[in-house]
There are 2 protein chains.
Amino acid sequence: MWGMPKVVDHNERRTRIAEALLRVAGEHGLEAVSLRHVAAEAGVTSGMVQHYFRTKDEMMAFALEVVRERSETRIAAAAADLGPDPAPRRLLRTVVAEVLPVDEPRRADGRVALAFLAYTAVRPEAAAPLRADTAAMLAFVAERIRAGGPRPGIDPDRAAVGLLALMEGLGVHLLGGHYDARTALDALDAHLDTIFE
Amino acid sequence: MWGMPKVVDHNERRTRIAEALLRVAGEHGLEAVSLRHVAAEAGVTSGMVQHYFRTKDEMMAFALEVVRERSETRIAAAAADLGPDPAPRRLLRTVVAEVLPVDEPRRADGRVALAFLAYTAVRPEAAAPLRADTAAMLAFVAERIRAGGPRPGIDPDRAAVGLLALMEGLGVHLLGGHYDARTALDALDAHLDTIFE
DNA sequence: AGTTTTGCGTTGCGGTCGCAACGTAACACG
DNA sequence: CGTGTTACGTTGCGACCGCAACGCAAAACT
């Protein structure tokens with residue numbers, strides 16, 4: 001990345017702007033996301049935002065990408081904290097619990113994710129990366145279930161679908177304040193009990 | 001065109017406008033919901049919309065109420081179709097499957113519900129009715145599980161949380177096109193297998 | 001040194017937004 | 001028959017929107 005008139009990490013600026021977008025979206029929803037608003041949150045001029053994103057849709061798509069990478073990183077870190085070769089059940093429980101919106105930072109991320117979910121539901125062309133993400137997670141979870149000695153009669157692929165759906169649903173309900181973190185975690189553990197011995 | 005200038009069913013008009021709002025939201029998301037747009041969809045002037053809803057927030061809140069009542073009606077109808085005293089497991093499976101976005105009309109409703117979920121996540125003051133709704137469902141499901149002879153070791157309240165979360169998650173994933181209806185229904189049945197004999 | 005390229009700010013245009021204000025027509029009621 | 005009330009329609013204002021256009025400074029290349 002050499003030889004450009006000004007030495008600026010293009011991608012880093014885009015990321016910084018996208019993070020401002022995510023902050024705005026986490027607080028007031030995606031409908032509050034405008035070029036000027038995001039620019040103000042990022043502490044730059046709206047002209048600069050337009051310099052790094054030719055269109056708003058482009059900015060949105062990039063922000064969605066940032067969200068995905070961020071949660072991927074977070075999950076990987078949580079998994080790494082368990083040390084090498086953790087027991088599958090413990091791994092899955094840790095990863096899922098890590099994503100659940102149980103404290104404010106995680107709730108903010110959850111609100112952003114929910115907003116983008118509704119966003120992609122109406123713009124199918126932007127939903128592809130999310131689909132790929134879930135497919136990867138599905139394969140990973142199924143593999144871990146297989147490796148963890150599931151109860152007899154448990155189909156790992158089916159169980160993976162169930163576990164991820166449970167995670168999503170618990171997240172949504174937690175965000176809505178329908179019950180507290182303990183209730184959600186208890187339900188998670190009870191579900192894991194039905195998969196593993 | 002008959003004489004009605006004075007004698008008008010206030011609530012019926014509000015509902016008709018709200019339904020137009022839901023159609024707009026289902027197609028283009030909540031951010032496309034504006035007074036003029038909703039008015040056009042409803043085939044009335046924007047002035048009339050303002051006559052029935054003093055503010056946009058008021059219109060939103062009413063529309064949310066309509067969504068809730070509508071799904072409540074739909075669920076009750078599905079339950080009634082099973083005749084008197086249906087087996088709890090069959091009841092629960094029918095009700096949950098009824099709500100899953102497996103065909104276009106249900107997908108449209110699902111998109112609306114998802115949009116409002118993201119909406120209330122950022123406007124906590126509008127989330128109360130949703131919370132009450134889930135609480136009622138939770139109680140109903142737990143009671144049905146209790147009545148259906150759950151497997152030993154199953155706590156009905158915990159299981160109710162799990163089942164409703166699974167339903168929510170399967171719905172979201174179906175909306176995103178992450179897998180097809182059969183996969184979701186298989187996961188649902190597998191989950192019910194872990195609750196009942 | 002001069003040219004080019006890039007980074008970034010400023011301005012403003014056409015459009016849409018929520019909403020208040022006002023006008024009007026048809027009824028209800030005295 | 002006049003008066004108030006309800007049910008709309010119309011207009012327009014101030015704010016905000018995305019985005020194009022243009023200007024300019026500074027760094028890189030020749």
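Below, read A as the first sequence line, B as the second, and so on, with proteins coming before strands; counting in each chain starts at 1. Remember, it's a predicted structure, so these values are computed and weren't measured experimentally.
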Exercise for the section: Would you mind telling me which of C:dG7, C:dC8, D:dC19 lies closest to the side-chain atoms of A:Arg13? Expected result: C:dC8
Problem - Which residue lies more 5' along DNA chain C, comparing A:Val44 with A:Arg36 via nearest heavy atoms - result: A:Val44
Exercise for the section: Measure from the side chain of B:Ser34, starting at C-beta and using heavy atoms only, and say which of D:dC8, C:dC19, C:dC17 lies closest. Expected result: C:dC17
Fill in the blank from the handout: Side-chain contact check for A:His51: nearest option of C:dG7, C:dC19, D:dA7 is C:dG7
Exercise for the section: Could you tell me the separation between the CG atom of A:Leu35 and the C1' atom of C:dG15, rounded to a whole number of Å? Expected result: 15 Å
Exercise for the section: Give the rounded distance in Å between these two atoms: CG of B:Asp57 and C1' of C:dG18. Expected result: 10 Å
Practice task
Take the protein atom CD1 of B:Ile17 and the nucleotide atom P of D:dA7, then report the distance between them rounded to whole Å.
Solution key: 12 Å
Exercise for the section: Check the angle between the aromatic planes of A:His10 and A:His51 and answer parallel, tilted or perpendicular using the 30° and 60° thresholds. Expected result: perpendicular
Completion exercise
Residues at least two apart in sequence or cross-chain that pass side-chain hydrogen bond (donor to acceptor under 3.5 Å, both in side chains) with A:Glu12, listed by chain then number, are A:Arg16
Practice task
Ignoring hydrogens and angles, tell me if any N or O in the side chain of A:Arg107 forms a donor-acceptor pair with the backbone of A:Leu175 under 3.5 Å.
Solution key: yes
Problem - Result of checking B:Leu163, B:Asp157, B:Leu91, B:Val161 against B:Val141 for side-chain contact (heavy atoms from CB on, under 4.5 Å) - result: B:Leu163
Handout entry: Distance in angstrom units between A:Met48 CE and C:dG7 P, rounded
Key = 10 Å
Practice task
Tell me whether the OP1 or OP2 atom of C:dG18 has a side-chain N or O from B:Thr55 closer than 4.0 Å.
Solution key: no
Practice task
Measure from NZ or CZ of A:Arg13 to the centre of the six-membered ring of A:Tyr52 and say whether it is under 6.0 Å with the direction within 45° of the ring axis.
Solution key: no
Practice task
May I ask you to say what B:Val33 touches in the nucleic acid, namely base, sugar-phosphate or nothing, with a heavy-atom cut-off under 4.0 Å?
Solution key: sugar-phosphate
Handout entry: Euclidean distance, atom CD of residue A:Gln50 to atom C1' of C:dT11 [Å, nearest integer]
Key = 12 Å
Completion exercise
Here the distance between atom C1' of C:dT6 and atom OH of A:Tyr52, to the nearest Å, is 9 Å
Exercise for the section: Could you tell me the separation between the CE atom of B:Met59 and the P atom of C:dC17, rounded to a whole number of Å? Expected result: 11 Å
Problem - Nearest-Å distance for atom pair CD/P, residues B:Glu58 and C:dG18 - result: 14 Å
Practice task
Tell me which of A:Ala32 and A:Gly47 sits closer to the 5' end of DNA chain D, going by the nucleotide each one is nearest to.
Solution key: A:Ala32
Completion exercise
Assert: residue with more 5' nearest nucleotide on DNA chain D, out of A:Ser46 and B:Val49, is B:Val49
